[in-house]
Amino acid sequence: MKVMKFGGTSVGSAQRMKDVCRLITKDGLPNMVVLSAMSGTTNTLVEISDYLYKKNPEGANNVIKQLERKYQQHVEELYATEEYKQKTLDFLKEEFDYLRSFTKILFTSFEEKIILAQGEIISTNMVTNYLKECGVKVILLSALDFMRTDKNAEPDLNYIKEKIGEQLKAHPDYDIYITQGFICRNAYGEVDNLLRGGSDYTACLIGAALMSEEIQIWTDIDGMHNNDPRVVNHTEPVRQLHFEEAAELAYFGAKILHPTCIQPAKFAGVPVRLLNTMDPSAPGTIINNEIQHGKIKAVAAKDHITSIQIQSSRMLLAYGFLRKVFEIFESYKTSIDMVSTSEVGVSVTIDNTSYLKDIIADLMKYGTVTVHEDMCIICVVGDLNWENVGFESLAAQALKEIPVQMISYGGSSHNISFLVKEADKKRALQAFSDTLFNA
Ligand code: ASP
Ligand code: MG
C-alpha cells in the first residue's frame, strides 16, 4: 500500500481537493492518504489560541467566525449534491461550535493542542465526504487512534505499527484510507502534535509502520531543487537523493521536507518520492538508499546562525576540554550544528540563541569567547566520501571570493558545510550553482 501525503496548499481550495481526489484514485489500488489542514488554517488556529491565552474571547470569536464562513464557502464549491453539502455543513457547525466552546473555559496548552488539531480533522472529513459523494469506497481513520508519541515526545513506532495494523484489519476492503497528518496523542493520551509542518513526519511514520512500497509527499514544487530557487538563478530539480543527503538538505534549509521525517523511512528502507500536484506527471525526486558515485547533488543554506569561538591555552594537550564545552550547551538544551577544532580552540554554531548570554558566561570560565551573529551555514550535499578526490577543493574553489569563517567536513560522507556571513549568502549560493551545477 502506498502512502500519499498532501500538504496545505494541495488541499487549499475546493478545486485542489478535487484534484487530490483524482490523484489518489487514479491507480485503482488501495492507498493510505495523509492530509494537512487547508493552507492558512493552522496559522489561524494559532491566532485563535493567542487570543484565548490573552483572555480575549471576543477576538477569538471574530476569527472563528471568519474561518467558519470560509469553510462554508468551500462546501458550496466542493459538493454537487444537497445531501453532502448538508452533511458537511452539519459537521462544520459542530466543529466551529466546539472551537467556540473554548472561549468559555480556562485556556492552557492542552486546550491549544486540541484547537490546533481541528484543521486536519476538518480537511480529512471534507475530502472523505467528497470521495463518498463520488462513490469511492473510502474510510477515514482517526490519527488519534494510532499516532502516539512517547515520554520523550518521540514517535512510538511500535505502538503506531500495532495500532494501525489493527485499524486496517478491522476495516479491510476499502479503496482509500484517509487520515490526518500532524496530530497525535502523547504518552498520557492527550491530544498533541508532531510540531509545525509535521504532516510529512506522519506520512513517513505510517509508511515505515506499514512497510509501505513508497511514501509520496505531494507539494506544489517539482521535487527538491539543487539550490534555493528563491535566491539563485537556474536551479533544477534533483531526481534522486540518498536518505542522508535528503535529511541534510531538509535540515539545512530546503523547505520542501520536514527535517526529521526522513529517519523512519530510512530505517524501514521505504523510498520517499516528492511529487508536484500542479504537474503530476513530472518525475519529482526519489529519496532512497542509492548513492550516485562521485556526484555533488545540491546546496542548501540555513540562516540566523550564531558562531561561538572559545580559545584557551588550557586546551593545549589537555583532555576533557571539549567535554566541558559541550556540557555547557547541553545544560542549556542548545544543540550545536557545526563544530571545528584546533589545538587551541573550538568553534561551534547554534541557531537557538535563547540562552546565549548564559552560555557565554559559562564558557568564559574556560577561555576567550568570540561571538558572531547573522551567519549562515551553507551545506553542500552529495557523495563526499573522503576517498573521492577533488570534491573538497571544487567546493572550496566556488567560494574563492567569499570570506569563510568555518568549514566542517568529514562528519559524514555526504556533506561539507561552510559558515559565511548571512549578507554573503546569495553570492555564495550563486557561486556554488555556477561552479558545481551550471559550469
Ligand atoms: N497543518 C500543520 C502545519 O501547518 C501541519 C502540516 O501542514 O504539515 O504546521
Ligand atoms: Mg510542509
Side-chain angles (χ1 to χ4, degrees), residues 1-7 9-10 19-20 22-24 26-36 181 197-229 234-300 379-385 412-415 433 436-437:
M1 190 187 281
K2 277 201 306 277
V3 178
M4 305 172 85
K5 178 261 169 177
F6 295 86
T9 43
S10 301
D19 295 343
V20 164
R22 214 167 340 105
L23 285 171
I24 61 182
K26 208 162 103 187
D27 62 6
L29 297 168
N31 288 319
M32 170 70 69
V33 178
V34 177
L35 301 180
S36 292
S199 295
D200 295 349
Y201 204 10
T202 305
C204 289
L205 287 163
I206 293 178
L210 296 177
M211 291 298 285
S212 170
E213 57 192 278
E214 184 171 292
I215 299 158
Q216 299 184 343
I217 309 279
W218 289 80
T219 62
D220 51 1
I221 164 166
D222 183 17
M224 191 101 81
H225 277 232
N226 61 7
N227 205 330
D228 190 338
H234 305 301
T235 66
E236 271 174 31
V238 183
R239 294 298 170 215
Q240 185 274 339
L241 287 165
H242 185 267
F243 284 118
E244 293 296 335
E245 294 170 340
E248 301 268 10
L249 288 174
Y251 182 71
F252 286 109
K255 291 281 175 297
I256 181 169
L257 205 58
H258 180 277
T260 42
C261 83
I262 288 293
Q263 291 313 321
K266 182 189 149 201
F267 287 130
V270 178
V272 178
R273 197 183 288 276
L274 309 179
L275 290 157
N276 184 359
T277 29
M278 308 297 273
D279 185 7
S281 57
T285 301
I286 180 95
I287 302 165
N288 55 23
N289 256 323
E290 280 159 37
I291 286 280
Q292 277 181 279
H293 288 289
K295 219 169 146 84
I296 295 187
K297 297 285 190 53
V299 179
C379 167
V380 178
V381 160
D383 176 25
L384 292 159
N385 189 310
S412 85
S413 301
H414 302 285
N415 101 18
S433 262
L436 300 176
F437 310 127

Assess whether atom CD of Q292 is packed by more than 12 heavy atoms of other residues, nucleotides or ligands within 6.0 Å. yes
Closest non-hydrogen atom pair, A208 against V270: CA-CG2, 4.5 Å
Tell me every residue that passes salt bridge (charged side-chain N to carboxylate O under 4.0 Å, His left out) with D228, counting only those two or more places apart in sequence or in another chain. R230
Interatomic distance, CG@L384 vs OG@S413, rounded to 0.5 Å, equals 8.5 Å
Who pairs with P30 by side-chain contact (heavy atoms from CB on, under 4.5 Å), at least two apart in sequence or on another chain? M1
Evaluate W218 against L274 for side chain to side chain contact (heavy atoms under 4.5 Å, CB included), listing each step before the verdict. CA-CA 6 Å; W218 289 80; L274 309 179; over 6 Å; no
Which residues pass the side-chain contact (heavy atoms from CB on, under 4.5 Å) test with A209, not counting sequence neighbours? L157, I160, K161, I164
Give the intermediate values and the outcome of side chain to side chain contact (heavy atoms under 4.5 Å, CB included) for residues K5 and S10. CA-CA 9 Å; K5 178 261 169 177; S10 301; over 6 Å; no
Tell me the salt bridge (Lys or Arg N to Asp or Glu O under 4.0 Å) pairs involving residues 278-299, sequence neighbours left out? E245-K297
Can you sort out the partners of N226 under side-chain hydrogen bond (donor to acceptor under 3.5 Å, both in side chains), two or more places apart, ordered by chain and number? none
Start with the C-alpha distance between L210 and M32, add both sets of side-chain angles, then the distance that settles side chain to side chain contact (heavy atoms under 4.5 Å, CB included), and finish with yes or no. CA-CA 10 Å; L210 296 177; M32 170 70 69; 4.2 Å; yes
Test of understanding: with side-chain contact (heavy atoms from CB on, under 4.5 Å), list the residues that count as partners of D19, not counting sequence neighbours. Q15, R16, R22
Return the OG1 to CD1 distance between T219 and I256, rounded to the nearest 0.5 Å. 4.0 Å
A300 versus L249, closest heavy-atom pair with distance: CB-CD2, 3.8 Å
How close do L23 and P280 get, heavy atom to heavy atom, and via which atoms? CD2-CB, 3.6 Å
Within-4.5 Å side-chain heavy-atom neighbours: I24 and M4: yes
Let me see the working for V381 and I296 under side chain to side chain contact (heavy atoms under 4.5 Å, CB included), right down to the final yes or no. CA-CA 6 Å; V381 160; I296 295 187; over 6 Å; no
side-chain hydrogen bond (donor to acceptor under 3.5 Å, both in side chains) involving N289 - partner list, sequence neighbours excluded: none
Checking the side chain of T285 only, and the main-chain atoms of V238 only, is there a donor and an acceptor separated by less than 3.5 Å? yes
Listed by chain and number, what are the ring-ring contact (aromatic ring centres under 6.0 Å, His included) partners of H225, not counting sequence neighbours? none
For the atom pair OG (S199) and CG (L35), what is the distance rounded to the nearest 0.5 Å? 8.5 Å
Check V34, V33, I217 against F6 for a side chain to side chain contact (heavy atoms under 4.5 Å, CB included) and give me the one that passes. V33
Can you see whether Q240 engages N288 through a side-chain donor-acceptor pair at a distance of less than 3.5 angstrom? yes
Side-chain contact, heavy-atom cut-off 4.5 Å: S212 with I206? no
Suppose we screen for side-chain contact (heavy atoms from CB on, under 4.5 Å). Which residues come up paired with P283, at least two apart in sequence or across chains? R239
Non-hydrogen atoms of N415 and E248 that approach each other most closely: ND2-OE1, 2.7 Å
Closest non-hydrogen atoms of N227 and S433, given as atom of the first, atom of the second and distance, are ND2-OG, 2.9 Å
Euclidean distance, D220 CG relative to T9 OG1, rounded to 0.5 Å: 3.5 Å
Rounded to the nearest 0.5 angstrom, the CG-CD1 distance for L205 and I215 is 8.5 Å
How close do G207 and V3 get, heavy atom to heavy atom, and via which atoms? CA-CG2, 3.7 Å
What residues form a side-chain hydrogen bond (donor to acceptor under 3.5 Å, both in side chains) with N31, not counting sequence neighbours? D27
What side-chain donor-acceptor pairs closer than 3.5 Å can you find for residues 259-267, not counting sequence neighbours?
residue: T260; atom: OG1; partner: H258; partner atom: ND1; Å: 3.3
residue: K266; atom: NZ; partner: E244; partner atom: OE2; Å: 2.4

Output all residues satisfying side-chain hydrogen bond (donor to acceptor under 3.5 Å, both in side chains) with E214, sequence neighbours left out; order by chain, then residue number. Q216, R273
